[in-house]
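Structure, as structure tokens:
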Amino acid sequence: MAKEITSREENYSQWYLDIVKKAELADNSAVRGCMVIKPTGFAIWENMKEQLDRMFKETGHVNAYFPLFIPKSFLSKEADHVEGFAKECAVVTHHRLMNNPDGSGVVVDPDARLEEELIVRPTSETIIWNTYRDWIQSYRDLPLLINQWANVVRWEMRTRPFLRTAEFLWQEGHTAHATRQEAIEEAQQMHEVYARFAEDYMAMPVIKGAKTANERFAGAEETYTIEALMQDGRALQAGTSHFLGQNFAKAFDVKYADQNNKEEYVWATSWGVSTRLVGGLIMTHSDDEGLVLPPKLAPIQVVIVPIPKPQPEIMEAAERIVAELKAQGISVFVDTDKKKRPGFKFAEYEMKGIPVRIGIGKRDLAENKVEVARRDTKEKMSYGLDQIGTQIKNLLEEIQNNLLATAKKYRAEHTTSVDSFEDFQSVLDTKGGFISAHWDGTTDTELKIKELTKATIRCIPNDQESEDGVDLLTGKPSKGRVLFAKAY
RNA sequence: CGGGGCGUAGCGCAGUCCGGUUAGCGCACCUGGUUUGGGACCAGGGGGUCGCAGGUUCGAAUCCUGCCGCCCCGACCA
């Protein structure tokens, strides 16, 4: 049978596209740069949403929804912000179509031009802060802790499913606080939530850190980021949390009266993760056989394959196992397709990343056991039927842990400290990954390194140790190492 | 926006250079049968505006002109 998935070694980006397609996560759509998220891909996103939403609510946030369209004038109110997004905005200019007089279909009605164009939101700070002005009068209205689940549009030149699409799904938290300190703590708290989610649910280890001025969100005073390392040695920015200072409060005139009835501008944060996480999930764990999913986010955790085909006594055993697994809260699917043979099914479920496969045949049943195969290591085991529910539950936990441990090991092996530009270049060219090096703190140097090597500063790590050194390009003094990598 | 490639059945492709029966192959799909512990086999069957629009010609998937779309690689970005 022909290889269905290009190997990582042969062509990493084709491998990624093959997985997205063969695991039925997403399709290209008729609209350039936009994907169709298929049921399996969407189920993964729904599982992510469910956990994140719970974590947001546990930290005191509530959901709301703001408009898709933003008046053009709003976007111009914060100078850095507009500069950051202006180049990639979709703009609505008309509100009506008409039949083409020549009968060739519909055309835009030239008489239906909008007085003020609307921007399809690339992010919602402006429309939200324009609203917050009306919602906030007193310190009693603070903190305001709101999140929204939404779609946004950024007109990208080049797109890849999940990693970068013109339209994507995300959540954006927007909070307002009475003090600078409280806002900073909020941004840091959500940064922590993202890191915990990535490691505990996605089994994707991340480095927590701050962005340099150059890489910061347009309009932020500080951007915190979680950075993950993909299997091709490139870094993926997986989530960001911003301390926005009073920039948006001033731009939209959002003030509150403090306890002494003195008017003050409020302090802001915003934070988001997107469907890009699905891309990160794929590239963290998957292999040349296909998708590998961590049990905690897998839409189906266990698949049962009757061998050689669904027969009454086998199906009876399958139903008993299903009941036991469901009692343990495990999601399970029984493949009752009579036409496909077991071998085909095995390959297919491996491609789709289902964490555990249970094969039930007469030979097994005669011995009161089943064949259990784990997707992460491809190991096959024989489990007795007695404690199948708890055994599988334990196995799923072990798989979850193993995926995180394997990813951590990969990251450790692909994080290198270097002290000279030559070493920097050679590590980048050979094994890639994170490179820990001294930097003189200037945007100039950062940009020069990017120009020479394509590597960027992914973050100034939270756990950065103070260490005297010299910048690897300029030789100027540095007080600590930052993390470089080529990024997605 | 630069550089490369491609539009022929749901998917993947051949045919295009050098115009000529009824446009073909693999996978998938439908029917029947034999199979069945790692991607089964046989037989039969359905499915096409050959990207679009002009042009040349007795005749165009094939030649000419124009247009449209998509993918990959780069610069920009979650």
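Letters A, B, ... mirror the listed sequences (proteins, then strands); counts begin at 1. These numbers were taken from a predicted model, which means no experiment stands behind them.
Put simply, the side chain of A:Val62 does not reach to within 4.5 Å of the side chain of A:Leu145, judged on heavy atoms. The closest side-chain heavy-atom distance from A:Ile304 to A:Phe333 is not below 4.5 Å. A:Leu163 has its side chain within reach of A:Met283: a pair of non-hydrogen atoms, C-beta onward, lies under 4.5 Å apart. Within the 4.5 Å cutoff, side-chain heavy atoms of A:Lys57 are placed close to those of A:Asn63.
Using a 4.0 Å heavy-atom criterion, one finds that A:Arg160 contacts no nucleic acid atom at all. Across all strands, A:Leu163 comes closer than 4.0 Å to base atoms (heavy-atom distances).
If you take NZ of A:Lys38 and C1' of B:C11, they are 11 Å apart, rounded to a whole angstrom. Protein atom CD1 of A:Ile358 is 16 Å distant from nucleotide atom C1' of B:G37, rounded to whole Å. In this entry the distance linking CD of A:Glu88 with C1' of B:A75 reads 14 Å, nearest Å. As rounded to whole Å, 15 Å separates atom C1' of B:G10 from atom CG of A:Asn28. What separates CE of A:Met35 from P of B:C70 is a distance of 17 Å, to the nearest Å. Distance CD (A:Gln14) to P (B:G4): 20 Å, rounded to an integer number of Å. Atoms CG (A:Asp335) and P (B:G37) sit 15 Å apart, rounded to a whole Å. Atom CD in A:Glu156 sits about 15 Å away from atom C1' in B:G74, given to the nearest Å.
Nucleotides B:C18 and B:C63 are separated by 11 Å at their C1' atoms, to the nearest Å. Here, B:G15 and B:A53 have their C1' atoms 24 Å apart, quoted to the whole Å. The same atom, P, is picked in B:G38 and in B:C25; the two are 33 Å apart, to the nearest Å. Taking the C1' atoms as reference points, B:G47 lies 27 Å from B:U34, given to the whole Å. One C1' atom belongs to B:G59, the other to B:A23, and the distance between them is 15 Å to the nearest Å. Between B:U65 and B:A75, the two C1' atoms lie 33 Å apart (nearest whole Å). Between B:C52 and B:C68, the two P atoms lie 15 Å apart (nearest whole Å). One P atom belongs to B:C13, the other to B:G19, and the distance between them is 26 Å to the nearest Å.
Nucleotide B:C13 is matched to B:G24 when pairs are restricted to Watson-Crick or G-U wobble geometry with both distances under 3.5 angstrom. In this entry B:U49 has no Watson-Crick or G-U wobble partner, no candidate having both defining distances under 3.5 Å. Across all strands shown, B:C70 pairs with B:G5; the Watson-Crick or G-U wobble distances both stay below 3.5 Å. Nucleotide B:C76 is matched to nothing when pairs are restricted to Watson-Crick or G-U wobble geometry with both distances under 3.5 angstrom. Taking a pair to require two hydrogen-bonding distances under 3.5 Å in either a Watson-Crick or a G-U wobble arrangement, B:A43 pairs with B:U31. Figure legend. B:U56 is base-paired to no nucleotide; pairs are counted as Watson-Crick or G-U wobble with both atom distances under 3.5 Å.
Under a 4.0 Å N-O distance rule, the pair A:Glu156/A:Arg154 does not qualify as a salt bridge.
Among residue pairs with one or both ends in residues 333-347 of chain A, those qualifying as side-chain hydrogen bond (donor to acceptor under 3.5 Å, both in side chains) are A:Asp335-A:Lys345, A:Asp335-A:Tyr349; sequence neighbours excluded. Contacts classified as salt bridge (Lys or Arg N to Asp or Glu O under 4.0 Å) and involving residues 16-29 of chain A (residues at least two apart or in different chains) are given here: A:Glu4-A:Lys22, A:Glu24-A:Lys352, A:Asp27-A:Lys38. A ring pair (Phe, Tyr, Trp, His ring centres under 6.0 Å) check over residues 269-300 of chain A, counting only residues at least two apart or in different chains, returns the pairs A:Phe56-A:Trp271, A:His61-A:Trp271.
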Polar atoms only, N or O, under 3.5 Å: list the protein pairs with nucleotides 40-43 of chain B and their distances.
residue	atom	partner	partner atom	Å
B:A40	OP2	A:Arg341	NE	3.3
B:A40	O4'	A:Arg341	NH1	3.0
B:A40	N9	A:Arg341	NH1	3.0

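In the set B:G38, B:C76, B:G37, B:G37 carries the atom at the smallest distance from any side-chain atom of A:Lys362. Distance from the side chain of A:Lys380 is smallest for B:G38 among the nucleotides B:G74, B:C72, B:G38. Counting only heavy atoms from C-beta on, A:Ala347 has its side chain closest to B:G38 among B:C76, B:G37, B:G38.
Under 3.5 Å, the side chain of A:Glu350 and the base of B:G38 form at least one donor-acceptor pair of N or O atoms.
The number of heavy atoms from other shown groups lying within 6.0 Å of CD (A:Glu83) does not exceed 12.
Among residues two or more places apart in sequence or in another chain, the ring-ring contact (aromatic ring centres under 6.0 Å, His included) test is passed with A:Phe346 by none.
Residues from residues 294-315 of chain A that place a heavy atom under 4.0 Å from any atom of RNA chain B, listed by number: A:Ile307, A:Pro308, A:Lys309.
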